Amino acid sequence: MLVPLAQVEVIGLRARLDDALAVLQSLRVAEVVTMVERAEPPDDLADLARRVDAVCSASPDRPTDGTTLDDEALRAVLERLEPQVAALLAQQEGLRVEIETLPRYIEALEALLPLVPELARLEDRHLADLGLATVALVLDDPDGRVVAELSSQLKHLLGRLHLMVTSIGEDAGPVGCLLVFRRADISDVKALLGSERIANVGVPDAYTGRSLHSTVEAMRERRAALPAEQEALQRGLVETIAPVLGTLRATTAALTARAERAEAGQHADVSARTFVLRLWVPVAQTAMVEQELRKQLGAAVAVARLAGGGSSDDPPVLLRNRPGWQPFQRLVGFLSWPTPGGVDPTRFMAVGLPLFFGVMVGDVVYGAALLAISWVLRRRWADNDTVSELGRVLTLGGWWAVAFGILFGEALGDLGHTLGLPAVWFYRGGPEALEPLLLFALAIGSAHIVLGLLLGLWTAARGRRGRQVAEKSGSLLVLAGLFGLTGVTVAWLPAAMLTPAVGAVVVGIVVASASQGALGLLLGPLEVLGMIGNILSYLRLAAVGLASVYLAHVANQLAVVGPLLLGIVVASFFHALNLALAAFSPMIQALRLHYVEFFGEFHDGGGRLFSPLGRDVINRAVEPGPPAAQLTRTTPEPLRAGSAT
Amino acid sequence: MELGLIAVGAGLAVGLSAAATGYAQARIGAAAMGAVAEKPELIGRAILLVAIPETLVILGFAVAAMIILLLGGQ
């Protein structure tokens, strides 16, 4: 539901503005309204907090120790730590790159060793005595073009006075290459290797001057030593930061709180001696806010609730729903938040979405499997909100799938039906099931659209929007008339109802058209047609369900075609595929029915979520208070705004 | 009417509308994903826009069901 908000104005001595903001920050139920757009930027508190965060993030987490530093001491600590941490991080990055690349060098060069065993043992000084030089290369040559190009260029440059040995790279991996040539040609060869067309990654300088054999040996030794070096570096990093980490974390929290207050203070109207703050506060908590401000600041402030709830160009919305509905609230926000004065569709979605999901899946075994999957998701990723909420939606959908599985007599498609599972209502796989299934889908669609129209009518009436009231009333009249006509056609209603039904359709179309103004003649009937199209769109409940039934049917048929064991494997594969589709496709379809068809009747969207002061410092374990060094650790105030985030 | 022709008619109703839906979704999906890459918060609207042409195939399904129900029983 949408929580009603009211505007409260706080007037006080300018010197106490930060104190007033600190009180509001601790309450976490007030959003500051922008009264004045200030040109000057806020101070560098946020930047300082970011610098501290950057240093802290280089070390494993550690709780705050409650001690905070003043700005001067903090800057001194940062100036000492930042270069050290940056140097250690750079070394860490270098090691990481080495750990990634060294195996590629080793692999490429190792492949050369058996090809040139004698040459591989010659070091630079031996080669110098012979008037020769060698270059070992690792080439990135996924398609073989670089080796061909290098060979051709060397022939052109050195004629036959060179030797080129290459290994064959596996899976487009690197290619090892050893070049032997006259020492006099060394500069020409280096120039050639520097050209853009020969993409080589060279061999690190640390290994130059060695024989190929000893290079590979040295690289192997280096690779073995890297993990210990990396560990030592990480230890060094932790030891550098650890002595001040707890203090830095506490200081970051305090800085964040100060930065938030500084930014909020920018929105206040300030004169030489006084300030005026305007706040959005949940109506139920205005008295508490007034009381708390007076209690903490006494006569330094005056608090007044603005008559009529106040006004603002961009009022926020605050949604409050029971904890079990949080996933659906998030799904509403996925599209857009409702506007003030609108309807929070969370509760309708919490009922409709799992129900539609269950109608489409409608299988006892699939439903049970989805319940098991959702249980694992919620248990294993309990600390991951998104996965946990997905698990909660799947749980509800799974229960409905089991319920409709019992109604349809389905377990693994037609297997349950074949084994004698009775259908409480009707079996979806039979030839006679199409008609009741389509009617059921249309009935759900009609009920859902009528509910949407009623909500739209209520919202429009509450907002005193006459045109929308007429439009929704006209649509409802048309629907009532169409239901009446259908009832008469199938003889559920007496023939005498025909005239009133036709009358309702005609009057409804006229009212809906009139509500559209000058273009009503065109838009009115189109609107009605669109609404009928929306109801027909619920046929997807039947279509997706039937697709699932027949895929399961195919899986069961394949199981008995060949040998038993193979049949079980094939059937398991198809049922697993069907289950994966059942978890995904019906969810998307149910979501779409809500977003497009249902919300379209009443949900304006475009709302902005209530963002109370203190939200960003929740769980930072800091009590906002006077600036700088006086900040200390306390338990956060339990008052919660209950915002939708 | 011959059962085979009824089946072909129903198949065409679903198949052609599915092809049209696929074509529309391909175009909309590509544009929507481009928008999401720029602004991830638009994912909800992107799903909505991609899902809109699905009504075509549902209407195709409705027509196919009508063909089977009305003509298949004769």
Side-chain angles (χ1 to χ4, degrees), chain A residues 328-337 345 349 360 386 431-442 445 529-547 550 584-600 603 605-606 608-609 645, chain B residues 1-4 6-7 9-22 24-33 35-74:
Chain A
F328 302 98
Q329 188 170 294
R330 192 184 278 215
L331 286 174
V332 170
F334 222 48
L335 183 67
S336 72
W337 299 111
M349 207 168 185
M360 284 183 267
T386 308
E432 69 288 347
L434 191 55
E435 194 177 331
L437 193 60
L438 293 179
L439 287 177
F440 177 50
L442 288 177
L529 275 178
M531 186 182 60
I532 295 169
N534 281 349
I535 293 178
L536 286 179
S537 184
Y538 284 75
L539 286 176
R540 73 188 63 231
L541 295 177
V544 176
L546 279 182
Y550 284 111
F584 183 71
S585 180
M587 194 60 81
I588 295 290
Q589 299 299 339
L591 206 58
R592 176 236 147 91
L593 284 175
H594 279 82
Y595 281 169
V596 181
E597 277 78 13
F598 184 54
F599 283 13
H603 183 70
R608 180 178 67 78
L609 216 53
T645 51
Chain B
M1 195 180 285
E2 208 169 316
L3 198 62
I6 293 173
L12 280 175
V14 171
L16 290 176
S17 56
T21 298
Q25 283 192 324
R27 306 290 295 269
I28 297 171
M33 288 308 108
V36 169
E38 294 278 334
K39 284 187 170 183
E41 66 271 19
L42 290 179
I43 184 74
R45 291 184 187 214
I47 290 173
L48 188 149
L49 289 171
V50 172
I52 282 175
E54 279 173 6
T55 305
L56 281 177
V57 73
I58 298 301
L59 294 176
F61 167 77
V63 171
M66 281 169 65
I67 290 172
I68 291 168
L69 287 174
L70 298 179
L71 301 179
Q74 287 175 7

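All chains are named by letter (A, B, ...) in the order of the sequence lines, taking the proteins before the strands, and each is independently numbered beginning at 1. In this text, all values refer to a predicted model and were calculated from it rather than measured experimentally.
- Of the residues A:L539, A:V544, A:L541, the one that meets the side-chain contact (heavy atoms from CB on, under 4.5 Å) test with B:I58 is A:L539.
- Atom CG of A:L335 is separated from atom CD1 of B:I43 by 12.0 Å, given to the nearest 0.5 angstrom.
- For a residue to count as touching a neighbouring chain, one of its non-hydrogen atoms must lie under 4.5 Å from one of that chain's; by this rule A:L331 does not touch chain B.
- Interface remark: A:L536 contributes backbone and side-chain atoms alike to the contact with chain B (heavy atom separation under 4.5 Å).
- More than 12 heavy atoms of other residues, nucleotides or ligands sit less than 6.0 Å from atom CD of B:E41.
- Heavy atoms only, all atoms of each residue included: A:R592 and B:T55 are closest at NH2-OG1, 2.7 Å.
- Enclosure of atom CE in B:M33 by more than 12 non-hydrogen atoms of other residues, nucleotides or ligands within 6.0 angstrom is indicated.
- Proximity to chain A is limited to the side chain of B:L59, based on heavy atoms less than 4.5 angstrom apart.
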